[in-house]
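All values below were derived from every heavy atom in this structure, side-chain atoms included, with hydrogens, water molecules and symmetry-related copies excluded.
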Amino acid sequence: MCAAISDVSVLSALLKRLTGHRKLSKEDFDTVVAITIQKVVEAVGAEAITVFLSEDEGIRFAHIHYAREAAGGDPERAEKLIKRAGELKKIRLRSGEGIVGAVIGSAKSDLVEDARKDPRFASRVDSETGFETRSMITVPLRSRDKTIGAIQALNKTTKDKRFTREDLSLLEEVAGYTGDFLARIQDPDRKPDEVEMARYVARLTRHPLLPADKTFEPDEKLLKLIGEPTLRRFTILPLAKTTTRSLKIAMSNPLDIQRRDSFALATQLEIGEVLVAPDSFIRKAIDRVFPPAGDIADVTAAITDQYGTASAETLSVEENVTEESAPVVQLANRIIEDAYTRGASDIHVEPLENDVMVRYRVDGICEERIKLPATVKRALVARIKIMSELDISERRLPQDGRIVFKKFSKSGIDIDLRVSTAPLAHGEKVCMRILDRTGSIRKLDQMGFSPPNVVLYREIIQKPYGMILHVGPTGSGKTTTLYAALGEILSPEINIMTIEDPVEIRIEGINQVQVRSGIGLTFASALRSFLRQDPDVIMVGEIRDQETATIAINAALTGHLVF
């Protein structure tokens, strides 16, 4: 009577939000609670599990789950129990009331063999709902030395009908690694502890925890064999080679299958055992083998020292400047490298009245990374324009360009960036979209679809004609889903043609065209030419105008499959 969280993609998405230090929603809270309850039900064998939260108004029934055994196969009784769960959520226990109140007050677990004989038992709850409570285990939910609630298991379903000390220990373990995250969801502004997070993820996913202490020594030879760019890009720490072709690794989210697969593809090695460790610990281990040369914080400090009191009008960047010749040049490179290693899709350099803000978009959400003195904004934008081959003297009109990053950096990172500038009130803003030339296509199973939707989507993309529209906000995965779909149907038997701006991932076996508006190669003109190239499948990067929409729809109506 509580849906099981068995889909790995759901749990993986939750862990990505947790390890990404994001603000968490009520849905995240419900998922954490449901996962917690599911693990208790599997191991303890209780008729009912309740999660209580302590609030100013008293003690709230936050989540109630009844096992199938509670209904005894009777649909009518099952319906009554669901109704009872709704009734319980309206009830508030007074602070200190009942066995749960005593446990929250004392912060000590309690195993009661017969609740009806215990003077602390709040019998009014059974009276109001018609449920008969017999035995129970109640353990406190604690977070940083504060009791925030309790988990209670009711009525053992085995033959002897008695909870054991082993049941109590298991419930205490689950409560131990759940309390901090329930507290975090209740207070999203609370600063997370990465060690606590790693411990929670390890226990939840049943992966070993890497002891993140000062005695750890990274395998320098192995890390150098794989290379700094790959390690920093994926934030994965190789621990040992288990065979000639497989690795034992540590990462913050072992259920991030796409990151694991991409790392395996980049290293040409299989992933064996996976341990859990905080991202900060992994980065420090990589830094010990590859000391950062002018890390972004150092370059920012140098910029502030050099330009903090200078006038913006006096700053300039010459076109023949090299990577090592000025802090501004180093800063531009470090911003791009830092964004790439953090998995950002976009970089925003935004001029404000008193400073310059640099933000990254990671997993669809913008997050502030650094702030720079306002005096540096013209020099930084000019440097990015030089890298993009744009006109540095034109500040009044928007411009678009492209950076081939390996021309300007010795880091070994092989990416391109689509660059767009826009004149704002306090100067020019720059937005850079990161295009990973070494990126790989994800599989549909890694896209976060529910199992029924994967089946439905696979069925649709095999159709001989029609149109499939992918819509959503920036960074939501539209293009990634398109590439996954094309990868699924790719075959020598069909002719696939794409018009993109830009071509983000080059795919062998697909005819990909890059938009070049300056010479008249637009989405609409490319689509017209495609219809004379005998295509079976056409992928349109964006539908920006009525002309493109009309041609795309006509193509779908005349025997082509249009994405």
Side-chain angles (χ1 to χ4, degrees), residues 7-9 12-13 16 230 233-234 255-271 340 343 345 363-364 414-416 418 433-472 474-515 523 526-527 530 533-543 552 555-556 559-563:
D7 188 357
V8 171
S9 64
S12 176
K16 187 174 284 190
T230 301
R233 171 58 175 160
F234 297 105
L255 297 187
D256 192 343
I257 306 300
Q258 193 274 332
R259 184 153 57 118
R260 283 168 55 174
D261 287 350
S262 297
F263 181 77
L265 184 65
T267 60
Q268 295 297 299
L269 293 168
E270 296 176 2
I271 304 302
Y340 174 75
S345 61
D363 292 331
D414 187 12
I415 57 173
D416 291 355
R418 184 180 68 195
R433 166 64 59 90
I434 296 175
L435 311 172
D436 187 359
R437 296 165 62 91
T438 61
S440 58
I441 304 174
R442 297 189 189 186
K443 296 179 180 177
L444 284 180
D445 294 331
Q446 301 169 349
M447 294 304 303
F449 286 109
S450 65
N453 282 341
V454 170
V455 173
L456 177 63
Y457 188 72
R458 279 200 167 109
E459 182 183 327
I460 290 171
I461 65 176
Q462 298 292 340
K463 299 287 185 185
Y465 60 88
M467 176 179 281
I468 304 168
L469 289 175
H470 297 70
V471 298
T474 298
S476 62
K478 299 183 296 295
T479 303
T480 307
T481 306
L482 282 166
Y483 279 127
L486 293 181
E488 183 95 2
I489 64 173
L490 179 59
S491 163
E493 298 171 358
I494 61 173
N495 179 21
I496 302 176
M497 303 194 71
T498 76
I499 174 67
E500 305 171 63
D501 185 20
V503 175
E504 295 193 20
I505 299 177
R506 290 169 174 80
I507 307 170
E508 190 74 25
I510 293 181
N511 304 290
Q512 296 173 274
V513 176
Q514 165 79 48
V515 166
F523 282 106
L527 269 175
F530 280 7
Q533 292 285 326
D534 186 30
D536 296 293
V537 177
I538 299 171
M539 194 263 271
V540 186
E542 293 177 43
I543 294 180
H560 305 91
L561 182 61
V562 181
F563 289 91

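We find the CD1-NZ distance between I489 and K463 to be 13.5 Å, quoted to the nearest 0.5 Å. One finds the CD1 atom of I499 at 11.0 Å from the CD atom of E542 (value rounded to the nearest 0.5 Å). Separating the CG atom in L265 from the CZ atom in F234 is a distance of 8.0 Å, to the nearest 0.5 Å. Interatomic distance, CZ of R260 versus CD of E270, reported as 12.0 Å (0.5 Å rounding). One finds the CG atom of D261 at 12.0 Å from the CZ atom of R259 (value rounded to the nearest 0.5 Å). Between I538 atom CD1 and N511 atom CG the span is 11.5 Å, to the nearest 0.5 Å.
In this structure, the side chain of Q512 does not engage the main chain of E500 through any donor-acceptor pair within 3.5 Å. Listed for the N495 side chain is no donor-acceptor partner under 3.5 Å among the backbone atoms of D536. No donor-acceptor pair under 3.5 Å is formed between the side chain of D416 and the backbone N or O of L435.
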Q: Walk me through it: do V540 and F530 pass the test side chain to side chain contact (heavy atoms under 4.5 Å, CB included)?
A: CA-CA 11 Å; V540 186; F530 280 7; over 6 Å; no

Q. Does the pair L486 and T498 meet the rule for a side chain to side chain contact (heavy atoms under 4.5 Å, CB included), with working shown?
A. CA-CA 10 Å; L486 293 181; T498 76; 4.0 Å; yes

Q: Could you please spell out the steps behind the side chain to side chain contact (heavy atoms under 4.5 Å, CB included) verdict for T230 and F263?
A: CA-CA 8 Å; T230 301; F263 181 77; 3.9 Å; yes

Q | Full working for side chain to side chain contact (heavy atoms under 4.5 Å, CB included) between I496 and I507 | A | CA-CA 11 Å; I496 302 176; I507 307 170; over 6 Å; no

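With sequence neighbours left out, the salt bridge (charged side-chain N to carboxylate O under 4.0 Å, His left out) criterion links E488 to R458. The side chain to side chain contact (heavy atoms under 4.5 Å, CB included) test applied to Q514 returns R402, D501, P502, V503, R516, not counting sequence neighbours.
When every heavy atom of A485 is checked against every heavy atom of I461, the shortest pair comes out as O-CD1, 4.0 Å. The minimum heavy-atom distance between L561 and I468, with the atom names listed, is CD1-CD1, 4.3 Å. Contact between A552 and I543 at its shortest, heavy atoms only, is CB-CD1, 4.3 Å. Among all heavy-atom pairs drawn from V562 and A556, the shortest one is CG2-N, 3.8 Å. Between F523 and G541, the shortest heavy-atom contact is CE2-N, 3.7 Å. A pairwise comparison of heavy atoms in Q533 and M497 identifies CB-SD, 3.4 Å as the closest pair.
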